[in-house]
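Sequence lines set the chain letters: A, B, ... in the order given, protein chains first and strands last, and positions in each chain run from 1.
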2 protein chains.
Amino acid sequence: MSDETMVRARTRRAILDAAVLTLSQNHGASLGDIASCAGVGRTTLHRYFADRSELTKALSKHVLERIETATVRAVLAEGPVPQALERLCQEYFELGDIMMFMFADPDVMGGPEWKEPTPSDHALLKLVERGHSDKSIDPEATPLWVQQVMWAMLFAAWQHTRENNVPKHQALSLCLRSLRKAIAA
Amino acid sequence: MSDETMVRARTRRAILDAAVLTLSQNHGASLGDIASCAGVGRTTLHRYFADRSELTKALSKHVLERIETATVRAVLAEGPVPQALERLCQEYFELGDIMMFMFADPDVMGGPEWKEPTPSDHALLKLVERGHSDKSIDPEATPLWVQQVMWAMLFAAWQHTRENNVPKHQALSLCLRSLRKAIAA
DNA sequence: CCATAGTGGAACAGAGGTGTTCCACTATGG
DNA sequence: CCATAGTGGAACACCTCTGTTCCACTATGG
């Protein structure tokens with residue numbers, strides 16, 4: 001796994017990134033579309049991922065990893081709860097294509113690793129509980145609901161930039177403001 | 001168009017409803033899937049909609065109509081702004097499959113009638129402006145952003161019932177509460 | 001220089017969806 | 001009763017995507 005050549009690692013990464021980008025725009029894209037988006041022959045794609053299901057599996061793992069590292073970077077355990085949640089949103093907002101890809105292609109989130117809570121889920125759970133303790137989060141808002149609302153708001157922000165040609169920073173600003181108010185005590 | 005037999009009108013409606021239901025769950029469903037979900041032969045489906053693009057077109061129109069009637073029922077011009085928005089959310093929430101279908105199948109929203117603002121869009125625009133006038137809506141929240149957030153919250157609520165087995169009334173209650181707070185002044 | 005890793009393209013068979021035609025069946029109003 | 005509207009299913013050719021095989025090409029380190 002990790003004893004791959006530099007070249008192979010780079011190609012592998014290029015294919016995964018291209019898959020995210022292509023599928024985020026066109027859910028029904030063919031493997032040929034993905035390959036050419038990655039600047040790679042379809043044959044080469046099959047050398048790295050034998051069939052579509054394997055690509056999907058790797059893609060799922062790839063997305064999870066990106067989310068995990070983004071969550072870690074937000075250091076949710078530190079500072080006031082509202083600010084921590086804001087940092088998390090900013091990190092997730094940066095993921096961009098990854099996010100829209102998740103919404104556009106629900107099949108990828110069908111694996112067993114998406115059913116059970118990830119470390120990210122746990123970190124957010126703890127954060128919300130902390131917010132309940134120090135009265136900074138609406139007691140009616142359960143951790144699961146906060147999570148749903150956060151992703152929905154991020155989706156809204158990206159959609160806002162796409163459809164209404166709003167600059168990213170402005171969309172993010174609106175997103176953070178609305179989310180903060182929505183779940184405030 | 002309107003001089004259809006009762007039988008044909010019923011079958012046509014059954015196919016459209018089945019298409020919404022099927023495609024909301026499985027974006028890549030085949031025409032055969034849709035036909036059998038409607039309790040109809042694939043041949044019959046082709047009698048009503050020559051090819052897939054015609055079905056998509058009719059589906060787009062169907063969805064728009066459902067949204068329009070829901071908007072009308074919310075009588076946005078009457079009563080306090082927050083309550084009016086709440087009524088709108090409740091009406092949209094009732095659409096259920098229609099909503100999730102829209103998010104699951106962006107292709108349907110690609111037609112020209114989705115680019116330019118619909119009567120529903122206009123009604124919501126006026127409502128938000130009224131909310132700005134009487135200080136009941138956050139002045140930073142533009143009509144377009146309010147719209148994005150509303151749909152995102154509705155999506156979150158439906159997702160919340162699907163994934164977390166939360167009763168619909170509870171999800172709707174959370175949705176209304178969070179939306180109200182998010183865009184309040 | 002050359003052995004090897006990495007790649008692209010052509011070609012193939014298989015699977016599944018699509019659109020069409022044709023025929024047999026059922027129900028319903030005149 | 002029977003003519004007609006409405007339907008379902010089988011069969012068909014067509015298309016696209018898929019997964020695979022095979023061969024020729026390029027680059028790079030020893």
Joint hydrophobic cluster, [X] plus [Y], side-chain heavy atoms closer than 4.5 Å:
| X | Y | answer |
| --- | --- | --- |
| A:Met100 | A:Leu172 | yes |
| B:Met109 | B:Leu64 | yes |
| B:Trp145 | B:Leu125 | no |
| A:Leu154 | A:Leu95 | yes |
| A:Val166 | A:Leu176 | no |

Distance (rounded to the nearest 0.5 Å) between A:Lys181 NZ and B:Ile183 CD1:
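Reported value, rounded in 0.5 Å steps: 8.0 Å.
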
Where do N or O atoms of nucleotides 18-20 of chain D meet protein N or O atoms at under 3.5 Å, pair by pair?
| residue | atom | partner | partner atom | Å |
| --- | --- | --- | --- | --- |
| D:dT18 | OP1 | A:Arg52 | NH1 | 2.4 |
| D:dT18 | OP2 | A:Leu31 | N | 2.8 |
| D:dG19 | OP2 | A:Arg52 | N | 3.4 |
| D:dG19 | N7 | A:Arg42 | NH1 | 2.9 |
| D:dG19 | O6 | A:Arg42 | NH2 | 3.0 |

Begin from the C-alpha positions of B:Trp158 and B:Phe103 and carry the test side chain to side chain contact (heavy atoms under 4.5 Å, CB included) through to its verdict.
CA-CA 11 Å; B:Trp158 269 96; B:Phe103 285 99; over 6 Å; no

So what's the dot-bracket for DNA chain D: Watson-Crick or G-U pairs under 3.5 Å, [ ] if a pair crosses, | if it pairs off-strand?
||||||||||||||||||||||||||||||

Taking CG from A:Leu45 and C1' from D:dC17, how many angstroms apart are they, rounded to a whole number?
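After rounding, the gap between these two atoms is 13 Å.
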
Applying a 4.0 Å non-hydrogen cut-off, can you work out what [X] is touching in the nucleic acid: base, sugar-phosphate, or nothing?
| X | result |
| --- | --- |
| A:Arg8 | sugar-phosphate |
| A:Tyr48 | sugar-phosphate |
| B:Gly28 | nothing |

So, applying side chain to side chain contact (heavy atoms under 4.5 Å, CB included) with B:Thr71, which one of B:Thr69, B:Ile67, B:Val75 is it?
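It is B:Ile67, the one option of B:Thr69, B:Ile67, B:Val75 that forms the side chain to side chain contact (heavy atoms under 4.5 Å, CB included) with B:Thr71.
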
Should A:Leu55 and A:Ile34 be marked as a side chain to side chain contact (heavy atoms under 4.5 Å, CB included) after you check the CA-CA gap, both sets of side-chain angles, and the distance that decides it?
CA-CA 11 Å; A:Leu55 175 61; A:Ile34 295 173; 4.1 Å; yes

For B:Trp151 and B:Tyr92, take the angle between the two ring planes, folded into 0 to 90°, and tell me which bin it lands in: parallel under 30, tilted 30 to 60, perpendicular over 60.
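B:Trp151 and B:Tyr92: parallel rings.
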
First contact, last contact: which nucleotides of DNA chain C are these for chain A, 5' to 3', heavy-atom distance under 4.0 Å?
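Range of nucleotides touched by chain A: C:dG6 to C:dA11.
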
